[in-house]
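Scroll down for the structure; my scribbles are underneath it.
The first residue of the sequence shown is numbered 1, and numbering continues consecutively from there. As the structure is a computational prediction, the values presented were derived from the model and not from experiment.
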Amino acid sequence: MADGFELDHEARYAQRIAAAQKDFERHGAALVSRLFPASVRYAVASEAIQLAERLSVRRDLAFAETDFTPRRMRNVTRTQIAENGIAIQQAYESPEVAEAVAAVAGQPVYACPYEPEQFVITQLDRPGDTHGWHWDDYSFALVWVAECPNTVDGGFVECVPDTAWDKRRPAIEQVLRDCTVHRLEAGPGQVYLMRASTTLHRVHPIRLGRRTIVNMAFATEDELFRPVSHETMDALWLGPGD
């Protein structure tokens with residue numbers, strides 16, 4: 001009986017991986033919540049909300065590297081999370097989490113070599129708050145949604161896969177005119193994976209409520225060694241102690 005249960009569990013896991021891979025390839029992002037135990041998702045979400053309420057810093061910025069799209073949010077840095085939490089860092093360093101990301105991505109993944117970007121918390125809590133159109137420095141973003149408004153009040157993800165970030169000439173409006181924008185809705189307790197370095201994306205501005213998430217960055221092997229600049233990351237995330 002035990003062997004049969006194990007085989008059934010493995011088959012269901014493989015089916016979930018296959019379904020996520022299909023969305024990931026087509027849209028640049030996919031829901032992967034069912035790859036992680038509910039207890040882990042709850043622990044990460046609870047810690048994110050608690051730390052955001054205690055430690056988050058208000059940001060209202062825009063960057064030339066992304067055509068001055070707005071970043072209006074509160075955030076908590078990796079250093080603050082590591083010093084004041086447990087669950088988020090444990091999840092990030094878990095081999096099972098990395099294996100799930102790699103399975104959906106279809107390639108090995110590694111901890112982000114730029115430590116401040118490994119895991120961070122963002123919170124949108126005012127009308128008009130948004131994480132505006134941008135790309136990430138590293139290939140994969142695993143996002144744990146702790147809380148989020150209903151779709152009609154914003155907070156959902158919009159993404160344009162298979163796009164390239166030219167920091168000197170981002171041309172985001174041209175990309176939005178030429179390409180299809182896909183929507184990803186992820187509610188409280190859900191997790192999604194994005195190919196974030198080649199998927200232009202944003203969080204639609206919220207109207208009501210609050211959106212709190214943990215973003216975990218993972219890198220490809222070549223990103224461990226090639227030079228990567230961090231202009232937007234440094235301005236948006238670094239704080240006391242970083």
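Both Leu35 and Leu142 belong to a single network of hydrophobic side chains, linked directly or stepwise wherever heavy atoms of I, L, V, M, F, W or Y lie under 4.5 Å apart. A continuous path of Ile, Leu, Val, Met, Phe, Trp and Tyr side chains, each step under 4.5 Å between heavy atoms, connects Leu193 with Tyr13, placing both in one hydrophobic cluster. When the side chains of ILVMFWY residues are joined at heavy-atom separations under 4.5 Å, either directly or via intervening members, Val44 and Ile81 end up in a single hydrophobic cluster. Under a hydrophobic clustering in which Ile, Leu, Val, Met, Phe, Trp and Tyr are joined whenever their side-chain heavy atoms come within less than 4.5 Å, directly or via other members, Val145 and Leu124 fall into different clusters. Under a hydrophobic clustering in which Ile, Leu, Val, Met, Phe, Trp and Tyr are joined whenever their side-chain heavy atoms come within less than 4.5 Å, directly or via other members, Tyr192 and Ile17 fall into different clusters.
Residues His201 and Leu184 form no side-chain contact, since every pair of their non-hydrogen atoms from C-beta on lies 4.5 Å or further apart. Counting only heavy atoms from C-beta outward, the side chains of Asn75 and Arg59 approach each other to under 4.5 Å. At least one side-chain heavy atom of Arg54 sits less than 4.5 Å from a side-chain heavy atom of Asn84. A heavy-atom distance below 4.5 Å is not found between the side chains of Leu208 and Pro149. Here the side chains of Trp165 and Glu65 are in contact, with some heavy-atom distance below 4.5 Å. No side-chain heavy atom of Val120 sits less than 4.5 Å from a side-chain heavy atom of Thr77. Side-chain atoms of Thr151 and Asp153, non-hydrogen and from C-beta on, never get closer than 4.5 Å to each other. Counting heavy atoms from C-beta on, the side chains of Arg78 and Gln80 never come closer than 4.5 Å.
The residue from Arg72, Arg58, Arg211 that alone fulfils the side-chain hydrogen bond (donor to acceptor under 3.5 Å, both in side chains) condition with Asp125 is Arg58.
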Task: Pair Thr220-Asp222, side chain to side chain donor-acceptor pair (under 3.5 Å): steps then yes or no - done: CA-CA 6 Å; Thr220 60; Asp222 71 292; 2.5 Å; yes
TODO: Applying side chain to side chain contact (heavy atoms under 4.5 Å, CB included), run through Ile49 and Glu147 and close with a yes or a no.
DONE: CA-CA 8 Å; Ile49 293 170; Glu147 52 186 353; 3.8 Å; yes
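Heavy-atom contacts from other residues, nucleotides or ligands closer than 6.0 Å to CD1 of Ile86 number 12 or fewer. The environment of Arg226 atom CZ is dense: over 12 non-hydrogen atoms of other residues, nucleotides or ligands sit within 6.0 angstrom. Arg34 CZ: 12 or fewer foreign heavy atoms inside a 6.0 Å radius.
Shortest non-hydrogen contact noted between Ser197 and Ser139 is OG-CA, 3.4 Å. In this structure, Ile172 and Thr66 approach most closely via the heavy-atom pair CD1-O, 3.3 Å. Considering all non-hydrogen atoms of both residues, Thr163 and Val175 come closest at CG2-CG1, 3.7 Å. Nearest approach of Leu200 to Trp135, heavy atoms of both residues: N-NE1, 3.3 Å. Nearest heavy-atom pair, Ser94 versus Glu96, reported as atom, atom and distance to 0.1 Å: OG-OE1, 2.8 Å. For the pair Phe63 and Arg71, the tightest heavy-atom approach, listed with the atom from each and the gap, is CE1-CG, 3.8 Å.
Residues in residues 65-95 take part in these ring pair (Phe, Tyr, Trp, His ring centres under 6.0 Å) pairs, two or more places apart or across chains: Tyr92-Phe119, Tyr92-Phe218.
Using a 4.0 Å cut-off between a side-chain N of Lys or Arg and a carboxylate O of Asp or Glu, Lys167 and Asp137 qualify as a salt bridge. With respect to the salt-bridge test (charged N to carboxylate O, under 4.0 angstrom), the residues Arg12 and Glu10 do not qualify. By the 4.0 Å N-to-carboxylate-O rule, Glu53 lies close enough to Arg210 to be salt-bridged with it.
Less than 6.0 angstrom separates the ring centroid of Phe36 from the ring centroid of Trp144.
In terms of modelled atom types and a separation under 3.5 Å, the side chain of Asp166 and the main chain of Arg168 share a donor-acceptor contact.
Asp60 is linked by a salt bridge (Lys or Arg N to Asp or Glu O under 4.0 Å) to nothing, counting only residues two or more places apart in sequence or in another chain.
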Only distances under 3.5 Å count here; give the side-chain donor-acceptor pairs of residues 19-32 to other protein atoms, sequence neighbours excluded, each with its distance to 0.1 Å.
{"from": "Gln21", "atom 1": "NE2", "to": "Ala103", "atom 2": "O", "distance (Å)": "2.7"}
{"from": "Glu25", "atom 1": "OE2", "to": "Arg195", "atom 2": "NH2", "distance (Å)": "3.2"}
{"from": "His27", "atom 1": "ND1", "to": "His182", "atom 2": "ND1", "distance (Å)": "3.1"}

